[in-house]
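Throughout, protein chains are lettered first and strands after them, A, B, ... in sequence-line order, and every chain is numbered starting at 1. Model, not experiment: these values are computed from the prediction.
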Amino acid sequence: MRLDPNYINNLAASVDQSNSSIATLTGELSSGLSVSSLQDNPTAVAQSTLLNSAISADDTYVQTASSEQSRMQVADSTLGEVVTQLTSAISTAVEGNDGTLNSANLASISQKLSGILNQVLSLANTSYQGQYLFSGSQGSVQPFTLDTSTTPATTTYNGDTDVQSIQTPNGQTIQTNLPGSAVFGGASGAFTALNQLIADYSSGASSATLTTDTSALTTALGQVSDQRSVLDNALSTVESTSTYAQTQASELTVQQSSLVSADPATVATQLSSAETQQQALLSAVSALQKNNNLFDYLQ
Amino acid sequence: MGSLTSLMNIAQQALNADQNALNVTSNNVANQNTPGYTREVVTWQTNDVVSLSNGSYSEGVSSSEVSQRNRVLEQQVQQQIQVQGQSGALQSALQQVENIFGLSSTSSSASTTALGSAVDSFFSSLSSLTANPSDTSTRQSVLAAANTLASAFNSASNQLTQVTSGLNQQVTSVVGQVNSLTSTIASLNQQISSTSPNSDAGPLEDQRQQAIEQLSALVGLDQISTENNGITLTTSNGAVLVDGDKSFALQTTQVGGNTDVVASATGQDITTGLTGGQLGGVLEARSQQIPAYASALDNLAYAIGTQVNTQNEAGLDGNGNPGAALFTLPTSATGAAAAIQVATTDPSAVAAAATGQGTSGNSNATALAGLSSASIVGGQTADGFYAALLSQIGNDTAGATTDNTAQQATLTQLTSQRDSYSAVSLDEEASNLTQYQRSYEAAAKLFTISDTLMADALNLGVEAAVS
């Protein structure tokens, strides 16, 4: 059977192929990616895309959680100070109700309680980064205003009752604020109790009235503490979900790496054998190109 | 029984025949590298015997050349060239599309595409907004991420359009090449049918087969042999390209923004159903794969845009007014990826608060951020849809590459088979050369001897004047 005299041309195609596989492997080694284009591994690319969005969501949540935590911690410490003030108000009220004080002393207790009221008022109107903390969703509206024209003075809540929340990447909703009305407001709230107490002390009300007022204030203090623990629970949930998201993000990053990264040891081995093969091919081709035909031998 | 004259004649015939054989051999050697050249083989025929007055005289030998051509192998090679031409053109078109969605590794991701990370960043900026709905710089970063997203869509869509227009230009240039080849083939048809209507036309046939081979790389062909050694060529869907000595040019026309192919003989648009060769591959990519990718991209842009717009309009912006659309989009998904733009530069246009909430309300921002996990396009989330698109492009490209490699290997094998029959082997020519050289020398010797005999006859055995 006659041989194809142009078979050397086919070897050129093999050298080409050998060169291109060396180029691919070198590229993998230098970029560290085994998947450098969509066709290298379409499934891995698709999964990697989905992982990217999950990792991005987790990373964003960690940052979001951290800024929320700062706000919630400010709210928490504010409430802590409120508790201190209210406790001091209660003990002042109890002391003043022992029946031994004269009107001048009662007036001074009334003044002290007024001072505490103003403190609590300004604490309730705390703002963080330009937005009031206890206005519900009305962050640019000052939550509490005091009208001293009436007796007892009236405190008006100007915010709303909206509860704000953030969502974790898993869809969990975490409360992030306390509306002022839930903490301080309402008929059983701290302001109502304080205003009543101050008015009653100023007007020299009976001991029984004062006792009732003091226990109303104690109830109000309980309300503040309850709300504070709601906030604290939410705060610790934010912390734990943030930690979880961070762990998730690391794990997903590792998963993604294993999908698309090149293992240097494997690639280096493949590259070495490809180079050896190419050397062999090149020396075979060059030996063949010295191929003599009969013309060289005819005299 | 012969005569001395006939002896000289025979020697002369032999010399002529050997000279011809030597010519053929040198022609083979000279044309060893000519593309499409088929080696010629010398055939020897004894001349007819002439009977005269009870004697028979043979007139020696004559030689002629025959091209070693196997029409079946030639056709097989040409058909494979058509198939490989199509798969090659398809592969290179799809690789251009693949490059639009190039992968790169960044500090935060091992492997990401520009559009993918733009989508992720946009939804991330909305998540950040939920924690800080009234902060101007957070709102500004939402707009910045929206701008990045819109320009990523625009860029991908524009690049896809550029690939398509490149393919259209290719159609025009291939049609031009096809036309020049078909007119060459037609004129060769005419020459061949006038010079050798009943037998292989040698070098002319070589040229014709070579032209058909070049044409096969450009477009799919059906060949029909006609009388007087002619070949009629039609495209795979029946449009006549060459008929006898007439060639029918193809023309291009613009249809719906694309360049279509028209047969000038019938005026019919033959684009659909045109397969084979570079033209077939380019048309396949342009009419099947690429429109699917473009419409998927448009659907994704339209879905994200409209969902964000709808959700934004459901909330209150930074000034407490009902929100407006954040993205400008066309009325339908077609062209959405190229046209999507951010409608505003005012950071307070982002509606973070839901209706009834104040400036620190974030419920609408939460809903906006929640769009990333909602099924908004094709029953999938934005990321799922995009991942599926990337996977499809990757699979199509990988398939085209594998197919092309296989077709290339088959072509190499068939070419090798054809060459083993038709290509010039220097060893063979060298040994033939030696043989014909000796043959010529022998014939020359014969001539010398018959010349000597003639001289002897003239001198009638006496040593004298003629020698």
Crowding at CD, E441(B) (>12 non-hydrogen neighbours, <6.0 Å): yes
Interface moiety of V35(A) toward chain B, non-hydrogen atoms closer than 4.5 Å: both
Interchain contact, Q129(A) with chain B, by part (heavy-atom threshold 4.5 Å): side chain
Close side-chain approach of F101(B) to V45(A), heavy-atom, < 4.5 Å: no
Chain A interface, residue from T381(B), L390(B), D135(B) that has the most non-hydrogen pairs under 4.5 Å: L390(B)
Spatial distance of atom CG (N41(A)) from atom CG (N395(B)) [nearest 0.5 Å]: 9.0 Å
Distance-only criterion, 3.5 Å: show the donor-acceptor pairs between side-chain atoms of residues 243-252 of chain A and protein atoms not counting sequence neighbours.
unit_1	atom_1	unit_2	atom_2	d
T243(A)	OG1	E239(A)	O	2.9
T247(A)	OG1	T243(A)	O	2.9
S250(A)	OG	Q246(A)	O	3.0

Contact check, side chains of Q39(A) and L94(B), non-hydrogen atoms, under 4.5 Å: no
Under 3.5 Å: donor-acceptor pair, side chain of S140(A), backbone of T359(B): no
When T434(B), T130(B), L426(B) are compared by non-hydrogen pairs under 4.5 Å with chain A, the top option: L426(B)
Partner of T112(B) by side chain to side chain contact (heavy atoms under 4.5 Å, CB included), out of I55(A), T49(A), N52(A): N52(A)
Short side-chain to backbone donor-acceptor contact, S360(B) and S137(A), under 3.5 Å: yes
Interchain contact, S431(B) with chain A, by part (heavy-atom threshold 4.5 Å): both
Residue pair D383(B) / S53(A), side-chain donor-acceptor N/O under 3.5 Å: yes
Heavy-atom proximity to chain A below 4.5 Å, by part of Q408(B): neither
Toward chain A, the part of Y421(B) with a non-hydrogen atom under 4.5 Å: backbone
Residue pair D160(A) / G358(B): nearest heavy atoms and the distance that separates them: OD2-N, 4.3 Å
Proximity breakdown for V119(B) and chain A, heavy-atom pairs closer than 4.5 Å: neither
D419(B) side-chain N/O to P5(A) backbone N/O, donor-acceptor pair under 3.5 Å: no
Separation of T366(B) OG1 from I166(A) CD1 (nearest 0.5 Å): 9.0 Å
Heavy-atom contact with chain A under 4.5 Å, split by part of Q32(B): neither
Interchain contact, Q131(A) with chain B, by part (heavy-atom threshold 4.5 Å): side chain
L294(A) to D427(B) - nearest heavy-atom pair and separation: N-OD1, 2.9 Å
Atom pair CG (D58(A)) and OG (S124(B)), whose distance is rounded to the nearest 0.5 Å: 10.0 Å
T60(A) and F123(B), any side-chain heavy atoms less than 4.5 Å apart: no
Proximity of residues 63-72 of chain A to chain B, residues having a non-hydrogen atom under 4.5 angstrom: T64(A), S67(A), E68(A), R71(A)
Q277(A) atom CD: more than 12 heavy-atom contacts under 6.0 Å: no
Contact class of L389(B) relative to chain A, heavy atoms under 4.5 angstrom: neither
Proximal component of A423(B), with respect to chain A [non-hydrogen, under 4.5 Å]: both
Side-chain donor/acceptor of N362(B) to backbone N/O of S165(A), under 3.5 Å: yes
For chain A, the option from A398(B), S111(B), G102(B) that forms the most heavy-atom pairs under 4.5 Å: S111(B)
Minimum-distance pair of heavy atoms, taken over all atoms of A110(B) and L33(A): O-CD2, 3.2 Å
Max heavy-atom pair count under 4.5 Å with chain A, selected residue of S127(B), S416(B), S373(B): S416(B)
